[in-house]
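Structure first, then comments.
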Amino acid sequence: MTDTDHSSHDAVAQPFARRRFLGYVLAAPTLVTAAQLVPASEARADIPSPEITELIDLNDVMTAAALPTSGLITVEVNTDGTVSFALPRTEVGQGITTSTAMLIAEELGIPLTRVHITLADARPELLFNQLTGGSNTTFSTYTPIRVAAAVARDRLLRAAATAWDTDVTELTWKAGIVTGPGGRSAGIGALSRAAAGTRTEQVPVSLKPRDMFTVIGKPHNRVDAHAAVTGRKTFTLDLNVPDALPTMVCRPPTINGKVGTVSNLSEVRSMPGVTDVVVISTGVAVRATTFGRCIDAVRALRVSWKPGSAEGKSDDSVLKELGAAELPMGLPPLTPHVEERFTFHFRSNSALEPNCAIADVRSDRAEIWSSLKAPIVAKEAIAARLGLPLGAVSVHVTEGGGSFGRKLFFDAALEAVEVSQRIRKPVKLMWHRADDSRQGRTHPMATSRVRISYLGNTVLGYKQRHTSVSTDLSHGLGEIFTALAAKLPVGDIGFSETFFQLSQSMPYDFGANSRLLSETDKGFNTGSMRNVYSPDVTCARELLVDRLAGKMGKDPYRFRHDFLRDDRCRAVLDKAAEAGNWGRSMPAGTAQGIAFHSEYHSASAVLVELDCRPQTVNRPIRDGVAGPRVTRAVIAVDVGLAVNPRGLEAQMMGCLMDGIALTLTSSLHLRGGHFLEASWDNYFYTRQWNTPPELDVIVMPPSTGTPGGAGELGVAASMAAVACAYGRATGTMPTVFPINHGTLSFEPKPTVPPIPASPTDGLDHVR
């Protein structure tokens, strides 16, 4: 990192010709600062259409909800010269601890290594300010964190000026060292106590202008990279909580089935290493000295099960339900039009890290450890479940090994709490991979019907009716009130429709347009997987855009370029087309595809090249389907201001892999009320045989003064680009996703016992 070197004139509050902010110095032994409510965005007068997401989108709503409690999030300068910040969001691999540290390092002018980021415990007083989702973390915390750090910087300078009986303008600041006349100097650690507040007071502050940035906007490696690659990162199951023994649950053969009777409880309790066996609301829990002992006990249990919430259902029966629930689109127009209905099958939302939690429940208190993206809701729900005061429940947020929606739900924490309460002992609960696939959260099965009418070279109107198995949004906006509202019989419909409308945009000038959501069937454990509705909705739209371009006799890229609403979007699309050499000659059976997606004040375009030749599609893969392969991908992305371009590149790579999976291979097969998949072995997320040997991520120059949403941005465009390439390579537009869903390439594992036997043939497959 380049050290910041600027004069005190820039480091303290001055009448600059830029916006001023208010912050707080809090009463504390050492310097602790926070931001006040930041100014609301100025109303825009240049909106060219009534598109709702151009007026306000989901990210804006989440940011506005978080602002009133921004003053409760503090930056602390420690006496050893380090700076501490407890981030009220959850790090699950997306790199927000790094970008947050960069914001603080920028305003305080200190090396990145001296900023220590931890994850805040559940803090109900933060209300809406402790939810991780919607690509909102950097968007909503960018200004408050910088304000708190800037207040600390100015306070430290004033403390030095007072101690040395000099004017602040005579001081300089470099790398966390304040230097004054006569060669006097002091580090921020030595000044921390003198700068601390004896009472809470409000102070004005100006932020560093963008042309002085030396950290923000520069590529940085992750602050936790070394710990990650050396195995030193601490996740939930790595924690050493006294007497918290491994615990697993014997689960029903169908989705959400309930325990009837258990015929051999005493026999299983006497198995080696088993300490406890108890019936809970979701199955039969086993606590033992090792997870291996737990697996043995779970497999030995003989349970009769009551029916589940999706009993007897299959892909075909759910598809009929969706057809019956589809909202009417009206009579076909008299003008020419293109129309199609697309089907998107269930997809698993399992994270790389198994679903897990630790709980220690006593008669008068409870303590929980888990990677939670809505920890306030978890704390409030657990307190209510146990009948304890909120203050008697502690929820510690741990770093997670992946999530993208899965950890918005705290089912593992609830199970751990229930088991610990029943047996009166601490537990370290882990789901098996089969649990995640069969009983975990899924991206709901959906259909999307699209109609675009046109006349000559003019698009007259766009209609889309998206019909989905109900998406569980019961985490609300991160606290109990909206969480409860999202569960109400009418409230959930309104919440989902609001979420849908505030997260979907129409980037093209397609005349009068409408997008409506209809949801049905609450019998599945669903969740808002990465990018929520957008991958399916955008994929359907972009495929119809390709078809419409063909009807009008236009090149797919040029058609999009001509109909995009603004220059910023066109620049992103143009960059992807240019860098990917759009339109180049390619062999038969291969093709390029291009797609565009915008959301949360950001824009992305993806160009891919896809190989659908028989020798590629039909190459042998053990217990899998090879299918087409993306051989090249170019992603152009504009997020306004990228805090960490290197982190943004990593996010876009992950988005591309998600998009490839959703188009080609990634789905769950529903039969007889349960999913057939029972491990990562037979759930086909993007594998090496589908990934592009060539991949370029192009981060566009800053186009605004603040960051836009980025965590989910590239998924929809990636999925759509691969789908469009498949249509061009094969001559047939795909309408069912993933395209390989119809081929069951593995022998399904039994549901009784619910945990498959551990494989013993690994060496047989070594090449």
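Note that this is a predicted model, so its numbers are computed, not measured.
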Donor-acceptor under 3.5 Å (Glu599 side chain, Asn59 main chain): no
Are Asp435 and Asn355 close enough that a side-chain donor and a side-chain acceptor fall under 3.5 Å? no
Under the 3.5 angstrom rule, does the side chain of Thr398 hit a backbone N or O of Ser371 as a donor-acceptor pair? yes
So, Asp638 and Lys575, do they make that salt bridge, N to O below 4.0 Å? no
Check whether NZ of the Lys or CZ of the Arg Arg406 lies under 6.0 Å from the centre of the six-membered ring of Trp431 and within 45 degrees of that ring's axis. yes
If we check side chain to side chain donor-acceptor pair (under 3.5 Å) with Arg441, which of these qualifies: Asp472, Asp436, Thr526, Asn525? Asp472
Would you call the rings of Phe346 and Phe675 parallel, tilted or perpendicular, taking 30° and 60° as the class edges? perpendicular
Could you check whether any side-chain N or O of Thr665 sits under 3.5 Å from a backbone N or O of Phe684, counting only pairs where one atom can act as donor and the other as acceptor? yes
Are the side chain of Arg530 and the backbone N or O of Val715 linked by a donor-acceptor pair below 3.5 Å? no
Any donor-acceptor N or O pair under 3.5 Å, side chains Glu340, Thr735: no
Tell me whether Glu609 contacts the main-chain N or O of Thr590 through its side chain, where contact means a donor paired with an acceptor under 3.5 Å. no
Pair His597, Thr538: side-chain N/O donor-acceptor within cut-off below 3.5 Å: yes
Check whether His669 reaches the backbone of His741 with its side chain - one donor and one acceptor, N or O, closer than 3.5 Å. yes
Would you call Ile255 and Phe524 a side-chain contact if the rule is heavy atoms closer than 4.5 Å? yes
Parallel, tilted or perpendicular: ring planes of Tyr533 versus Phe499, cut at 30 and 60 degrees: perpendicular
With a 4.0 Å cut-off, would you call Arg671 and Asp315 a salt bridge? yes
Side-chain contact test, heavy atoms from C-beta onward, threshold under 4.5 Å: evaluate it for Arg629 versus Trp689 and give yes or no. no
Is Arg438 reaching over with its side chain to a backbone N or O of Arg251, donor-acceptor style, under 3.5 angstrom? no
Hey, does the side chain of Arg222 reach the backbone of Ile96 with a donor-acceptor pair shorter than 3.5 angstrom? no
For the side chain of Glu542 and the backbone of Ala595, is there at least one donor-acceptor N/O pair under 3.5 Å apart? no
Identified salt bridge (charged side-chain N to carboxylate O under 4.0 Å, His left out) counterpart of Glu326 within the set Arg465, Arg341, Lys320: Arg341
Between Arg632 and Asp696, does any NZ, NE, NH1 or NH2 come within less than 4.0 Å of an OD or OE carboxylate oxygen? yes
His466 and Ser448: side-chain donor and acceptor closer than 3.5 Å? yes
Before giving the answer on side chain to side chain donor-acceptor pair (under 3.5 Å), spell out for Gln504 and Ser534 the whole-Å C-alpha distance, their side-chain angles and the decisive distance to 0.1 Å. CA-CA 7 Å; Gln504 302 307 305; Ser534 294; 3.1 Å; yes
Looking at Arg347 and Asp536, does any basic side-chain N land under 4.0 Å from a carboxylate oxygen? yes
Would you find a donor on one side and an acceptor on the other, under 3.5 Å apart, between the side chain of Thr132 and the backbone of Thr90? yes
State, yes or no, whether a side-chain contact exists between Leu544 and Leu548 at a heavy-atom distance under 4.5 Å. no
